[in-house]
Amino acid sequence: MPHDRLAGILQQQLDQLSAERRRKGFERVITERLPGDGKRGPRYRVAGYEQPFIRMNSNSYLGLAADPRLIAAAEAATHRFGVGPGAVRFISGTLAPHVALEQRLAAFHRRDAAMLFSSAYAAVLSVITSLTTPDTAIISDELNHNCIINAIRLARPREKLVYRHLDLEQLDAALAQASQTCRRAIVVTDGIFSMRGVHAPLDRIAAIVARYDATFAENALLIVDDSHGVGAFGATGRGSEEYCGARADLLIGTLGKAFGANGGYVVGPQVLIDSLRETSPTYIYSNPITAGEASAALAALDILESTEGQERLAHLRAMTARFRQGLRDGGFETLPGAHPVVPLFVRDPAATAALVDTLFARGVLATAIMYPVVPRGDDSIRFQISAEHTAADIDEALAALR
């Protein structure tokens with residue numbers, strides 16, 4: 001069928017995004033990873049360019065994505081089980097590595113049970129929509145990730161209340177308001193806010209939720225998406241909960257960032273996980289991650305829980321602190337914090353894009369973050385530090401900003 005009128009409208013929208021340098025469909029293609037030499041970490045080649053680049057925009061916080069042990073684990077499982085699961089979990093797609101990884105994740109987070117999803121995004125969508133009833137209030141931080149925003153839209157709760165970023169007085173007031181009209185409350189927050197690298201004060205949030213729990217006939221639940229926290233934050237890499245000394249009712253994480261693999265998961269009480277297996281559409285009707293991916297994640301957990309893992313975390317913290325201090329010394333605007341997401345606020349779209357172009361010309365891969373990913377006026381460059389970075393890499397990236 002003809003679609004010329006629609007095509008014209010869509011092309012105008014694309015042209016506008018291009019003019020504003022906000023078009024995400026422009027993707028640089030990495031063609032090769034060059035190993036580090038000891039003094040410097042790995043470099044990456046990009047299609048169309050000869051020079052190698054420092055990668056300062058990767059979620060691989062522990063530097064495990066190309067680790068030979070993860071590759072070997074994935075390869076062995078692939079030879080044994082094949083490249084795909086062949087079915088959804090409840091038919092015949094549950095493979096031994098899935099069960100082993102769920103058990104390991106539950107133990108790692110000191111929970112009763114765990115449940116794997118194809119991604120953390122899919123986990124958030126299913127967990128929130130499955131637990132929402134016509135008598136539920138969902139209360140959300142205004143800077144929560146897009147997956148939480150879309151989950152709330154799909155869930156269609158009775159009350160949708162959004163509090164100002166980290167404004168716990170507003171959270172308190174929202175719970176008080178919801179307790180008058182709803183039988184169930186879900187408070188949902190990022191553990192680490194992925195564009196800012198700041199953590200939610202989960203100890204204080206959990207205390208507020210606990211204080212209102214008795215006012216809801218079906219309880220008040222705290223759900224935390226800690227995809228950027230797990231493996232990269234906290235003394236032993238257990239994320240924002242560990243850093244704050246807190247505990248969510250349900251914790252959602254990813255295998256695709258610090259763990260270097262792919263997929264998402266949720267951990268929590270046995271009855272909640274059992275219920276989610278019966279009600280979560282992105283679990284029931286979608287294939288799971290491959291056996292290779294699950295086995296690679298198991299290998300990553302082995303590394304994280306070893307002495308080497310603690311050394312990687314310590315190095316990650318040191319490189320993050322070095323980069324943050326370098327930004328401050330250079331007169332750049334950033335935020336305080338300890339997480340390896342480090343924003344550099346430029347606060348102008350054109351200037352942000354120009355600085356990213358300068359970095360690229362000087363061999364640094366970094367990403368401009370603009371509206372609507374962040375609020376207007378928060379235009380920034382999001383740097384992400386990895387345990388693969390060395391002091392020489394950090395200093396080279398800082399020099400490229402001068």
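The residues of the chain are indexed from 1 along the displayed sequence.
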State plainly whether the residues [X] and [Y] are in salt-bridge range, i.e. N to O under 4.0 Å.
{"X": "E241", "Y": "R110", "answer": "no"}
{"X": "R69", "Y": "E308", "answer": "yes"}
{"X": "R247", "Y": "E242", "answer": "no"}
{"X": "E305", "Y": "R104", "answer": "yes"}
{"X": "E333", "Y": "R347", "answer": "yes"}
{"X": "R204", "Y": "D172", "answer": "no"}
{"X": "R21", "Y": "D357", "answer": "yes"}

side-chain contact (heavy atoms from CB on, under 4.5 Å) between V346 and S380, intermediate numbers included
CA-CA 5 Å; V346 184; S380 57; 5.8 Å; no
Sub-3.5 Å donor-acceptor pair from the side chain of [X] to the main-chain atoms of [Y], do we have one?
{"X": "D225", "Y": "D190", "value": "no"}
{"X": "S179", "Y": "A176", "value": "yes"}
{"X": "H389", "Y": "S386", "value": "yes"}
{"X": "T352", "Y": "A368", "value": "no"}

Filter on ring-ring contact (aromatic ring centres under 6.0 Å, His included), then keep only pairs touching residues 8-39, sequence neighbours left out; what's left?
none
Residues 150-193 vs ring-ring contact (aromatic ring centres under 6.0 Å, His included), sequence neighbours excluded, gives H165-F193
Any cation-pi pair here, R28 with F360, using under 6.0 Å and within 45°?
yes
Looking at F108, does the NZ or CZ of R238 lie under 6.0 angstrom from its six-membered ring centre and within 45 degrees of the ring axis?
yes
Side-chain donor-acceptor pairs under 3.5 Å in residues 259-272, sequence neighbours left out?
unit_1 : atom_1 : unit_2 : atom_2 : d
N262   : ND2    : E293   : OE2    : 3.1
Y265   : OH     : H109   : NE2    : 2.8
Q270   : NE2    : D274   : OD1    : 2.9

I'd like to know whether CZ of R33 has more than 12 heavy-atom contacts from other residues, nucleotides or ligands below 6.0 angstrom.
yes
Using a cut-off of 6.0 Å, state whether more than 12 heavy atoms not belonging to E169 lie near its atom CD.
no
Which value, rounded to the nearest 0.5 Å, describes the distance between [X] atom [atom1] and [Y] atom [atom2]?
{"X": "S280", "Y": "Y285", "atom1": "OG", "atom2": "OH", "value": "10.5 Å"}
{"X": "L359", "Y": "I381", "atom1": "CG", "atom2": "CD1", "value": "5.5 Å"}
{"X": "L161", "Y": "L175", "atom1": "CG", "atom2": "CG", "value": "8.5 Å"}
{"X": "R184", "Y": "L221", "atom1": "CZ", "atom2": "CG", "value": "7.0 Å"}
{"X": "E218", "Y": "I186", "atom1": "CD", "atom2": "CD1", "value": "10.5 Å"}
{"X": "R40", "Y": "D37", "atom1": "CZ", "atom2": "CG", "value": "6.0 Å"}

Quick one, D226 with I252, criterion side-chain contact (heavy atoms from CB on, under 4.5 Å). Give me CA distance, side-chain angles, the key distance, then yes/no.
CA-CA 6 Å; D226 206 26; I252 295 165; over 6 Å; no
Search all heavy atoms of [X] against all heavy atoms of [Y] and return the closest pair with its distance.
{"X": "L116", "Y": "L101", "result": "CD2-CD2, 3.8 Å"}
{"X": "V83", "Y": "T78", "result": "CG1-CG2, 3.7 Å"}
{"X": "P288", "Y": "H98", "result": "CG-CE1, 3.6 Å"}
{"X": "A220", "Y": "D249", "result": "O-OD2, 4.0 Å"}
{"X": "D379", "Y": "V374", "result": "N-CG2, 4.4 Å"}
{"X": "D203", "Y": "G245", "result": "CB-O, 4.5 Å"}

Ignoring hydrogens and angles, state whether a donor on the side chain of [X] or [Y] is under 3.5 Å from an acceptor on the partner side chain.
{"X": "D378", "Y": "Y371", "result": "no"}
{"X": "Y61", "Y": "H228", "result": "yes"}
{"X": "T133", "Y": "T136", "result": "yes"}
{"X": "Q12", "Y": "Q16", "result": "no"}
{"X": "R89", "Y": "T94", "result": "yes"}
{"X": "Q310", "Y": "T236", "result": "no"}
{"X": "T282", "Y": "S126", "result": "yes"}
{"X": "T390", "Y": "D393", "result": "yes"}
{"X": "T189", "Y": "D141", "result": "no"}
{"X": "T181", "Y": "E159", "result": "yes"}

If you define the side chain from C-beta out and look only at heavy atoms, does anything of [X] sit under 4.5 Å from [Y]?
{"X": "Q384", "Y": "N59", "answer": "yes"}
{"X": "N57", "Y": "R55", "answer": "yes"}
{"X": "I369", "Y": "M195", "answer": "yes"}
{"X": "D15", "Y": "Q11", "answer": "yes"}
{"X": "E20", "Y": "P349", "answer": "no"}
{"X": "P343", "Y": "R382", "answer": "no"}
{"X": "R324", "Y": "I385", "answer": "no"}
{"X": "I139", "Y": "L171", "answer": "yes"}

Parallel, tilted or perpendicular: rings of F233 and Y243 (30°, 60°):
parallel
Applying side-chain contact (heavy atoms from CB on, under 4.5 Å), run through I54 and R43 and close with a yes or a no.
CA-CA 5 Å; I54 306 173; R43 295 293 186 269; 3.4 Å; yes
Working note: E388 + R312, criterion salt bridge (charged side-chain N to carboxylate O under 4.0 Å, His left out); need CA distance, chi angles, decisive distance, verdict.
CA-CA 9 Å; E388 286 190 315; R312 283 180 180 249; over 6 Å; no
Given the rule in the side-chain contact (heavy atoms from CB on, under 4.5 Å) test, do L301 and L105 qualify, once you have shown the distances and angles that lead to the verdict?
CA-CA 8 Å; L301 278 163; L105 286 167; 3.9 Å; yes
Is the centre of the Y44 ring less than 6.0 Å from the centre of the F53 ring?
no
